[in-house]
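The block underneath contains the structure these notes are about, expressed in structure tokens.
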Amino acid sequence: MPISHLSHWGLLVTGDPLLYGADASIILASVGIVFVLTYFKKWKWLWREWLTTVDHKRIGIMYLIAAVLMLFRAGTDALMMRTQLALPNQHFLGPEHYDQIFTTHGTIMIFFMAMPFIFALMNIAVPLQIGARDVAFPYLNAISFWLFFFGAMLLNLSFVIGGSPDAGWTSYAPLAGLHFDPGPGENFYLLSLQITGIGSIATGINFLATIFKMRAPGMTLMKMPLFTWSIVATNILIIFAFPALAVALALLLIDRIAGAHFFTIHAGGLPMMYINMFWIWGHPEVYIVLLPAFGVFSEVVATFSRKTIFGYKAMVSSMLVISVVSYFVWAHHFFTMGGGVSVNSFFAVASMLIGIPTGVKVFNWMFTMYRGRIRMKMPMLWTIAFIPCFVLGGASGMMLAVAPVDYQFHNSYFLVAHFHEMLIGGVVFGMFAALYYWWPKVFGFILDEKWGRWAFWFWNIGFYVCFEPQYALGLMGMQRRMYTYPSGMGWTALNFISTIGAFLMGIGFLVMAGGIVYSIFKGERDLTGDPWDGRTLEWSLPSPAPHYNFAVIPTITDRDQWWTLKEQGKQDTLRPRPEDIQPIHMPKNSAKPFLIGVAFFAAGFGFVFNWYVLAAAGLFCIVILLLVRSFEYHSDYHIPVDEVVHTETALGRL
Amino acid sequence: MKAGKVRRRTLTYAGLGAAVAIFLTGCGTQFQLLNPAGPVARTELNLFDISIVLILIVIVPVIGLLLYIVYRYRDIPGNTAPYDPHFSDNRVLEFIWWGIPIIIVAILGVVTVRTTISLAQPPGSTSNASPMTIEVTSLDWKWLFQYPGHKLATVNYAEIPVGVPVQFILTSNAPMNSFWVPRLGGQEYTMPGMALRLWLQANQPGDYYGHGANFTGRGFAHTTFHVIAVPMAKYDQWVKHVKTTAPALTLTGYKNLAIPNVVGELTYSSYPANSFYNTVMNDGGRFMPSTMQVETSLHH
Amino acid sequence: MAAIVEHTHGRVEHDPRPVEYTVKDDSLKIFGFWLFLATDMILFATLFATFVVLRTHVATGPSGHQLFDVQGFIEETFILLTSSFTGGMSTFFMRRGSVRGTVGWLLVTAVLGASFVTLEITEFLHYVSIGATMQTSAFLSAFFTLVGTHGAHVSLGIVWMLAIVIQLFRYGITPATARRVFIVNLYWHFLDVVWVFIFTVVYLTGVMM
Amino acid sequence: MLNTPESRSGMGHHHAERFPWKGIIGYVLSIILTGFSMWIGLTHAAQFGTALFVILGLAVLQIFVQMFLFMHVTESDEGPPWQVLGLLAGLLFVATIVGMSMWIMTFNGQAS
């Protein structure tokens, strides 16, 4: 069968000026980074302070940087797609190229933008919120990060070497099988996601152990901040959903590299089983990225309304209900695959049920603002912008849950509009709220409001201009994933408007990035550690927090501990007293997590091109590194009292 | 700040207005989903309308309330609105907002299940005509329609008589696609090794746009087809015309069709016996008991 | 509830808890490992789901009924059940502070594990030799993957146990080594449970059909 | 910070067993349960459906044998043994994945 030039297994994809441009810019950027690091003699610093770190705060920062870069990368994909679709019958991108771009756009946005963003927030906020000095397994935490990082590198490498995956971010078999897609692109997809997925499972375990076992004394479960609760719900889903993805990916990979017949159309293979397993993970995944945003909104709305969160218990129970029920709705992603009356009815009703706890949360947020004093700072603006967007997206989601209506909307632009409304209006807005909210805690300065507001309005207006027309396009019968469309269908005007909206969001991103750069130089320093008049424990610490977080672990008596103490004028309770300070036990930095990442990368790369010697060498190195770790009995040290006293004095806390 | 709020409100109203205008007036035929040409699409549109009304019950008050609260309780000097930093639970309020979504979901759930069941049956016929069958195979990147009643075949278009329920039996001899004719009704996947059934019916003559809805690779954007609904007499004429003038689809011809490429509309007066059945069986159908049931019911 | 990961080496006398729980870092790891087992459970569940759905998709290859050797899987089953017991014995001796008992039972467990793996490899090689490979049918793809994943887990467990034996010789029974013994046995018992289901769902049901 | 002996213990007072009763009982039980399901499976003592039901039930019992007699599932250093909750949730999801996959994959051939 005729297959594009990708099938020739050549390493470098040739003949495409866009690719040459990308190659050139990647090489230039790499050379630039190497030059800067060498010129400023920063290699040692980079290795000691960052690449080998096990400090949750630094790992959080690295996740954050990666997430923002990937947002840019996949956002560029989106703009290229929208450019291609602005007018009918365009040839800016050919089908091969368009297919690769929408595939990497979706894949990167979910796995390498949304996931690291929530991991960044978990790492940055959770230990500080629960009064812990680090996560339960700091070393494993570093492994998780490097698996994510090298997974992301592997997928991004495909753009330059061998060709990107082109079967959609869902990578449905049999289209993604060897028979219909013989190039290495799909292998890149399968292996990069497998590697990053292992890291995600480890993170899930890590944070559940952290939250269940390492809370400060007195912080009972029902005194935990809601963001931490949202991380509990998210990680429950991660540990129970990601293994299903791991299996789906592994089996498809076995089909592709070992000639098995799980999902082929020959020898009894059943392609739909892949789809079934993919969505066993896939639907919970939606809530994995959404629940932390719910947590963020709960923190922000209480802080900036200067009010206790409304219905704390309902908030907690609704998140837990969501995390369980969202495990029972996956078949709504394929109502139109002949599931039959009973299957479709069950999954339709189960999907609608999720709307109930979600709706309750919206009301609770609004009634937190009710009788409050709402300060329109950036985190609050994003939270307020989230509500109408989320309500609209949720409503269209309810309609998609109605199976017979879904027969008409499935695979149409109505669906595209719906899930972007949830994932941008829900997740990304939530991440932005969190970015502005915790930025001073992480970096010690506040992001500039003026730049922030410009970015906010570009994003918001751009968002509605881009996606509301897509609902209408869905009603007009336009399918997703078409690289071009005919004129005369009435789709042209709305597509053009949608493209304008996409570029407005692009400008929003640039303004946001500009605001960050501006604030690095001119931003207001946060000297108090509590710039927003916060409620939870992290705001009782200096910004940024010292690397042991708490000189003395606080004792908790109240849900909004910090706020309550401030109300009573007893802030000093949370200051360390010299006589209470003891040597602090901390984990040592280690190079092994980074090396494990490298080994996984090598193994993955070997499997992509069926170079089994490299693959075996990579796997062997992984086992050796794990064994070496098992023999390590002194992976920790103590910070002496003097040093703690010195640091705290310098921070003005003693 | 203030200008921003005005802008956002304008935007919300404009959006809502546009939504209401589109949904209620069903303007312009390009809104294919809002202009059903048959009972299946009509049923689905009715359900769509019901769900719109139900969700508007939530959307409108929520957005209204949000605007009110944000305006009323904003933190400006001299705001006289009450400030109650510990107001954090209220049984009555919580009862209301757990209750309303539960009621809405209950209503929507019931109508959903009833419609799901009804759509699995042949649509009520307007002419008491007995249902007909068309076997559909999605190929890379084209659609093959086989008429077991007349033993004729078409590519990328299908003629159907008006007012007759048509059961499309769907399979794929390539990556799975999805068979979708928006103005006649919702889609159903074509999957290798499976034979899924989709009931559709056109109640008015017309040329209806159809397209593959599930991504199938390079040529996906070109998987367009047409379903042409004509009065019974004209349909019979068409059949007669095809049987007398069109070439036969040979086994070689079928194999050529399976080559991934894009072709125009084609017509054949006959096709290899049992080719649809064999496609399903060869692509895995023989391992699927339920598929065999659908198939044997066709082949008696 | 203590919040800090902090310990001193060596244990306090008269602590009422088993040694592996006496240091916060170690007991945390035990809890973490339980969570890992929960994820591994899902992994196997997905493989089971695949197997169950594809079990009749034998294509031109043999069915389980034609393929499975009853005596072979009965031997495998009893060896693994016994090794679960011997693993439990090593935990018992570890908690009594006996290095020799712990090491001895661990080695017995590892040997039983190795003989299980040997039997399984022999079984697989036999199937391959008569042309029943992973490439033959969807059923066999699912069979080899499910049973092979379990076998790979067992093999890894053996390597792990040997590493712990060396550490026991070097450090004796401390909270850190005790935790390793306890965890590797958790893993081992878990694999035993998985095997019981493989035995039931794959082999026994296979020959019953 | 070392957990002092006074700190709350999730398992109450632990007394090291003097004789490995739990292990031996567990072993005997696992042999009996396995032997019984072999007898049912291999002698065609029951119809397929019944036999399947019984041997699956026996396999589930084995979970509990291993959990309680070998794995000490209810132990914890302090606070409740949260792993029990995790494993129960895991079992629920295991049943969901296997059961619902089978259900979804038995098509009745039409959705609309």
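By convention in this document, chain letters (A, B, ...) are assigned in the order of the sequence lines, proteins followed by strands, and residues within each chain are numbered from 1. These numbers come from a predicted model, not from an experiment.
For a residue to count as touching a neighbouring chain, one of its non-hydrogen atoms must lie under 4.5 Å from one of that chain's; by this rule B:Trp98 touches chain A with backbone and side chain alike. Looking at B:Phe179, neither its backbone nor its side chain comes within 4.5 Å of chain A, counting heavy atoms on both sides. Using a 4.5 Å cut-off between heavy atoms, B:Ala41 touches chain A through backbone and side chain atoms alike. Neither the backbone nor the side chain of A:Leu415 comes within less than 4.5 Å of any heavy atom in chain B. In this structure, chain B has a heavy atom under 4.5 Å from the backbone of A:Ile309, while its side chain stays farther away. In this structure, chain A has heavy atoms under 4.5 Å from both the backbone and the side chain of B:Thr115. Heavy atoms closer than 4.5 Å to chain A are found nowhere in B:Asn46, neither backbone nor side chain. Contact annotation for A:Thr264: neither backbone nor side-chain heavy atoms come within less than 4.5 Å of a heavy atom of chain B. Only the backbone of A:Ala267 comes within contact range of chain B, with heavy atoms under 4.5 Å apart. Both the backbone and the side chain of B:Tyr83 come within less than 4.5 Å of a heavy atom in chain A. Contact annotation for A:Phe263: neither backbone nor side-chain heavy atoms come within less than 4.5 Å of a heavy atom of chain B. The contact between B:Leu93 and chain A is made entirely by side chain atoms (from C-beta outward), counting heavy-atom distances below 4.5 Å. With a 4.5 Å cut-off on non-hydrogen atoms, A:Ala302 does not touch chain B at all. Contact of B:Ile55 with chain A is made through the side chain alone, with heavy-atom distances under 4.5 Å. A:Ala348 touches chain B through its side chain: at least one heavy atom from C-beta onward sits under 4.5 Å away, while N, CA, C and O do not.
The main-chain N or O of A:Trp491 is never found under 3.5 Å from a side-chain atom of B:Gln30 such that the two would form a donor-acceptor pair. When atom types are taken as modelled, the side chain of A:Gln408 and the backbone of B:Pro182 share a donor-acceptor pair closer than 3.5 angstrom. Within the 3.5 Å criterion, the main-chain N or O of A:Pro404 finds no donor-acceptor partner in the side chain of B:Thr116.
Taking the six-membered ring wherever Trp is involved, the centroid distance between the rings of B:Phe215 and A:Tyr172 does not fall below 6.0 Å.
More than 12 non-hydrogen atoms from other residues, nucleotides or ligands lie less than 6.0 angstrom from NZ of A:Lys361.
Here the straight-line distance linking atom CG of B:Asp140 with atom CZ of A:Phe180 works out to 6.0 Å at 0.5 Å rounding. Going from atom CZ of B:Phe87 over to atom NZ of A:Lys307 covers 6.0 Å, rounded to the nearest 0.5 Å. The distance from the CG atom of B:Asn214 to the OG1 atom of A:Thr336 is 8.0 Å, given to the nearest 0.5 Å. Expressed to the nearest 0.5 Å, how far CE of B:Met176 lies from CD1 of A:Ile265 amounts to 9.0 Å. Expressed to the nearest 0.5 Å, how far CZ of A:Arg375 lies from CZ of B:Arg74 amounts to 16.0 Å. With rounding to the nearest 0.5 Å, the separation of CE in A:Met476 from CG in B:Asn35 is 10.5 Å.
Note on A:Gly372, A:Pro174, A:Pro95: by heavy-atom pairs under 4.5 Å with chain B, the leading option is A:Gly372. Here A:Val360 is the residue among A:Val360, A:Leu473, A:Leu353 with the most heavy-atom pairs under 4.5 Å with chain B. By number of non-hydrogen pairs under 4.5 angstrom with chain B, the leading residue of A:Gly490, A:Gly94, A:Ala403, A:Gly311 is A:Gly311. The residue among A:Val349, A:Val402, A:Val391 with the most heavy atom pairs within less than 4.5 Å of chain B is A:Val402. In terms of non-hydrogen atom pairs under 4.5 Å with chain B, the most contact-rich of A:Met398, A:His266, A:His410 is A:His410. Counting heavy-atom pairs under 4.5 Å between each of A:Thr368, A:Asn364, A:Thr484 and chain B puts A:Asn364 at the top.
Residues A:Phe363 and B:Ile100 have side chains not in contact (no heavy-atom distance under 4.5 Å, counting atoms from C-beta outward).
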_Apply side-chain contact (heavy atoms from CB on, under 4.5 Å) to residues A:Met489 and B:Gln32 and explain how you reach the verdict._
CA-CA 10 Å; A:Met489 301 292 297; B:Gln32 301 191 40; 3.7 Å; yes
*Give the C-alpha distance, both sets of side-chain angles, the deciding distance and a yes or no for side-chain contact (heavy atoms from CB on, under 4.5 Å) between B:Glu188 and A:Tyr407.*
CA-CA 7 Å; B:Glu188 182 80 22; A:Tyr407 302 159; 5.5 Å; no
*Apply side-chain contact (heavy atoms from CB on, under 4.5 Å) to B:Leu66 and A:Met369, showing your working.*
CA-CA 9 Å; B:Leu66 175 72; A:Met369 295 185 236; 3.8 Å; yes
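Note on ring orientation: taking the six-membered ring where Trp is involved, the planes of B:His222 and A:Tyr483 are perpendicular (angle over 60°, cut-offs 30° and 60°).
In plain terms, the two heavy atoms of B:Glu94 and A:Ala314 that are nearest each other are OE1-CB, 3.4 Å.
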